[in-house]
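Predicted, not measured: the structure shown is a model, and the values here were computed from it. The analysis underlying the following values was restricted to heavy atoms, covering all of them including side chains, and did not include hydrogens, waters or symmetry mates.
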Amino acid sequence: MKTINALERGLDVLRKLDERHGQSLAELHAATGIPKPSLLRILDTLEASGFAWRAIGDGRYRRRFALILRPSLADELLAIGEIAAPFLEALRRKVIWPSDVLVFRDFRMELVETSRRQSTLGVAMYPLGYRVEMFLSAPGRAYLAFCSDAEREAVLAEAARNPPLLQRSRDVLRGELAAILDETRRLGYASRDPQFGGADDKDISVVDDRIDAIAVPVMDGPRILATMNLVWPRKYKLKAQIVREHLADLQETAAAIAAASRS
């Protein structure tokens, strides 16, 4: 019995898609030998049929989370990025500034989707999978403010076992964290520490991504699924304006992502 060549090629592409790290068009071309025009048609068909998706953060193709028969915890966390992608792009179009969605994994916040790649506004880029520290970053502080007491205590216990490398992080842990988290809950958003440059092992005088950020939780009832932020170049000193004009947009987007995760 003859097989269907087009279907065989489509299944071959689907097998090559890595649900976590993704594949670029060039990598899929090298792996399958399928000409790029044909490969693009296959990928468009897989996307339209719900078998694959393309992250806006890195442009790489991945299998849909729903196709993973036995998802691990990591897979479930990464699925938030797939869900969040269209909401992030819609928010960027509305407010101009890009956003990230991050999930808590192994005592760090991990980037699972971002709209920075679509922005032309001069914000630093980080790859999907980049891990952000907890005590100085806006996403980390948003997580700590709105997670359960047990989750927060686990983070603090880990920090006691393995103290942060940054002196500023240690200072926050020693005497400022409770007040910072109380203020975050009162305001409804977290702020990036002015002395944080984006790296968890190098002072801002050594590494500085020159951005500022606010972040809010993505909540499913009492459970925190992720955090999401808005970022902009720090030199513009826009925080008060962004909070005034766009905090509600950010919170509405977080609520929409949470609702989509339940469907």
Q: Are Val218 and Leu187 connected, step by step, through hydrophobic side chains (Ile, Leu, Val, Met, Phe, Trp, Tyr) whose heavy atoms are closer than 4.5 Å?
A: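 In one cluster with Val218: Leu187, yes.
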Q: Could you report the tightest heavy-atom contact between Pro233 and Gly122, atom names first, then the distance?
A: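 Closest heavy-atom pair between Pro233 and Gly122: CG-O, 4.0 Å.
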Q: When rounded to the nearest 0.5 angstrom, what distance separates CD in Glu245 from CD in Gln241?
A: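 Rounded to the nearest 0.5 Å, the CD-CD separation comes to 4.0 Å.
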Q: Just by modelled atom types, is the Gln118 backbone N or O under 3.5 Å from a matching donor or acceptor in the Ser115 side chain?
A: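 Judged by distance alone, no pair lies under 3.5 Å.
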Q: Report whether Phe87 and Ile96 are members of the same hydrophobic cluster (ILVMFWY, side-chain heavy atoms less than 4.5 Å apart, transitive linking).
A: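 Yes; tracing contacts between hydrophobic side chains, which count when under 4.5 Å, links both residues.
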Q: My understanding is that a hydrophobic cluster links ILVMFWY residues whose side chain heavy atoms are under 4.5 Å apart, including indirect links. Using that, what else belongs to the cluster containing Ile204?
A: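 Reading the cluster by chain and number, Ile204 sits alone, since nothing else belongs.
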Q: Is there a side-chain contact between Leu40 and Leu25, using heavy atoms and a 4.5 Å cut-off?
A: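 Touching, per the 4.5 Å side-chain cut-off.
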Q: Flag the pair Arg161 / Leu156 as yes when at least one side-chain heavy-atom distance between them is below 4.5 Å, and no otherwise.
A: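 Side chain of Arg161 against side chain of Leu156, heavy atoms only: no contact under 4.5 Å found.
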Q: Hey, is Asp193 close enough to Arg141 for a salt bridge, meaning N to O under 4.0 Å?
A: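 Counted as a salt bridge, because a side-chain N and a carboxylate O are separated by less than 4.0 Å.
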Q: Return the minimal non-hydrogen interatomic distance between Leu166 and Ala199, and the atom names on each side.
A: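 Here Leu166 and Ala199 meet closest at CD1-O, 3.4 Å.
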Q: Does some side-chain heavy atom of Arg60 sit less than 4.5 Å from a side-chain heavy atom of Arg54?
A: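 No, too far: nothing below the 4.5 Å cut-off.
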Q: Taking the side chain as every heavy atom from C-beta outward, state whether Gln167 and Asp171 have any pair of such atoms under 4.5 Å apart.
A: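 Contact flag for Gln167/Asp171 side chains = yes.
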Q: Return yes if some donor-acceptor pair links the side-chain N/O of Arg63 with the main-chain N/O of Ala52 below 3.5 Å, else return no.
A: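 Side chain of Arg63 to backbone of Ala52, a donor-acceptor pair under 3.5 Å: no, none is there.
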Q: With a 3.5 Å distance limit and no angle check, can you tell me whether Asn229 reaches the backbone of Ser99 through a side-chain donor-acceptor pair?
A: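 Absent.
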Q: Could you check whether Asp44 pairs with Arg41 (Lys NZ or Arg NE/NH1/NH2 to Asp/Glu carboxylate O, under 4.0 Å)?
A: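 Looking at Asp44 and Arg41, the cut-off is not met.
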Q: Taking the side chain as every heavy atom from C-beta outward, state whether Met109 and Thr227 have any pair of such atoms under 4.5 Å apart.
A: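 Contact flag for Met109/Thr227 side chains = yes.
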Q: Should Arg117 and Asp58 count as an ion pair when the cut-off is N to O under 4.0 Å?
A: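 No, this pair does not count.
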Q: Just by distance, do the side chain of Arg210 and the backbone of Lys235 share a donor-acceptor pair under 3.5 Å?
A: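 No; judged by distance alone, with no hydrogens or angles, the pair does not exist.
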Q: So, does Glu151 use its side chain to make a donor-acceptor pair with the main chain of Ser148 at under 3.5 Å?
A: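 Indeed, once roles are kept as given, a pair shorter than 3.5 Å links the two residues.
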Q: Quick one: pull up CZ in Phe196 and CZ in Arg234 and give me the separation to the nearest 0.5 Å.
A: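 Reported value, rounded in 0.5 Å steps: 11.0 Å.
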Q: Look at the side-chain heavy atoms of Ile, Leu, Val, Met, Phe, Trp and Tyr, link any pair under 4.5 Å apart, and say whether Val231 and Ile242 land in one connected group.
A: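 No, no single cluster joins them.
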Q: Could you walk me through whether Val155 and Phe104 pass the side-chain contact (heavy atoms from CB on, under 4.5 Å) check?
A: CA-CA 10 Å; Val155 174; Phe104 177 74; 3.6 Å; yes
Q: Do Asp201 and Glu133 touch side chain to side chain, with heavy atoms closer than 4.5 Å?
A: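 Heavy-atom side-chain distance check fails, nothing below 4.5 Å.
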Q: For Ala138 and Ala213, which heavy atoms make the closest approach, and how far apart are they?
A: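 Scanning both residues completely, I find the closest heavy atoms to be CB-O, 3.9 Å.
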Q: First locate atom CG of Leu28, then atom OH of Tyr61, and finally report the distance between them rounded to the nearest 0.5 Å.
A: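 Answer for the CG-OH pair, Leu28 versus Tyr61, is 8.5 Å.
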Q: Nearest 0.5 Å, what's the CG-OH distance between Leu225 and Tyr143?
A: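 Interatomic distance, Leu225 CG to Tyr143 OH, rounded to 0.5 Å: 10.5 Å.
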Q: Around atom CZ of Arg93, are there more than 12 heavy atoms of other residues, nucleotides or ligands at under 6.0 Å?
A: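 No, CZ of Arg93 has 12 or fewer neighbouring heavy atoms, counting only those of other groups under 6.0 Å.
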Q: Should the ring pair Tyr236 and Trp97 be called parallel, tilted or perpendicular, given that the plane angle runs from 0 to 90° and is split at 30 and 60?
A: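 Aromatic pair Tyr236/Trp97 classed tilted.
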Q: For residues Glu89 and Arg92, report the shortest heavy-atom separation together with the two atoms involved.
A: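 In this case the closest contact between Glu89 and Arg92 is OE2-NH2, 2.6 Å.
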Q: Where is the tightest heavy-atom contact between Ala145 and Arg152, given as atom of each residue plus distance?
A: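 Scanning both residues completely, I find the closest heavy atoms to be O-NH2, 3.7 Å.
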Q: Could Asp200 and Arg131 be called an ion pair, given the rule that one side-chain N must be under 4.0 Å from one carboxylate O?
A: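 So Asp200 does not pair with Arg131 through a salt bridge.
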Q: Is it true that Glu176 and Arg168 make a salt bridge, defined as a side-chain N closer than 4.0 Å to a carboxylate O?
A: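 Salt bridge: yes.
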Q: Give me the atom names and distance for the closest heavy-atom approach of Pro217 to Ala254.
A: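 Shortest heavy-atom separation between Pro217 and Ala254 comes out as O-CB, 3.5 Å.
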Q: Give a yes or no on whether the backbone of Ile56 and the side-chain of Glu113 come within a donor-acceptor separation of less than 3.5 Å.
A: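 Side chain of Glu113 to backbone of Ile56, a donor-acceptor pair under 3.5 Å: yes, one is there.
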Q: Between Arg192 and Asp209, is the closest basic N to carboxylate O distance under 4.0 Å?
A: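 Here Asp209 pairs with Arg192 in a salt bridge, since their nearest N and O are under 4.0 Å apart.
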Q: With no hydrogens and no angle check, is any side-chain donor or acceptor of Glu82 less than 3.5 Å from a backbone partner on Ala79?
A: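 No, Glu82 side chain to Ala79 backbone: no donor-acceptor pair under 3.5 Å.
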Q: Leu230, Val123: one ILVMFWY side-chain cluster at the under-4.5 Å cut-off?
A: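 Unlinked, Leu230 and Val123 end up in two clusters.
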Q: Would you indicate whether the side-chain heavy atoms of Thr114 and Val101 approach each other to under 4.5 Å?
A: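 Heavy-atom side-chain distance check fails, nothing below 4.5 Å.
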Q: Taking Ile211 as the starting point, is it possible to reach Leu91 by hopping between hydrophobic residues whose side chains are less than 4.5 Å apart?
A: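 No.
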Q: To the nearest 0.5 angstrom, please state how far the CG atom of Leu111 sits from the CG atom of Leu102.
A: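 Between Leu111 CG and Leu102 CG, I get 5.0 Å after rounding to 0.5 Å.
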Q: Please tell me if the side chains of Phe135 and Leu177 come closer than 4.5 Å, counting only heavy atoms from C-beta onward.
A: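 Yes, close enough: below the 4.5 Å cut-off.
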Q: How many angstroms lie between atom OG of Ser261 and atom CD1 of Ile83, to the nearest 0.5 angstrom?
A: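 Reported to 0.5 Å precision, the distance equals 5.5 Å.
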Q: Test your reading of the model: is there a side-chain donor-acceptor pair from His29 to the backbone of Leu39, 3.5 Å cut-off?
A: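 No, because the side chain of His29 does not come within donor-acceptor range (under 3.5 Å) of the backbone of Leu39.
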Q: Short question: side chain of Arg170, backbone of Leu165 - any donor-acceptor pair under 3.5 Å?
A: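 Yes, because the side chain of Arg170 sits within donor-acceptor range (under 3.5 Å) of the backbone of Leu165.
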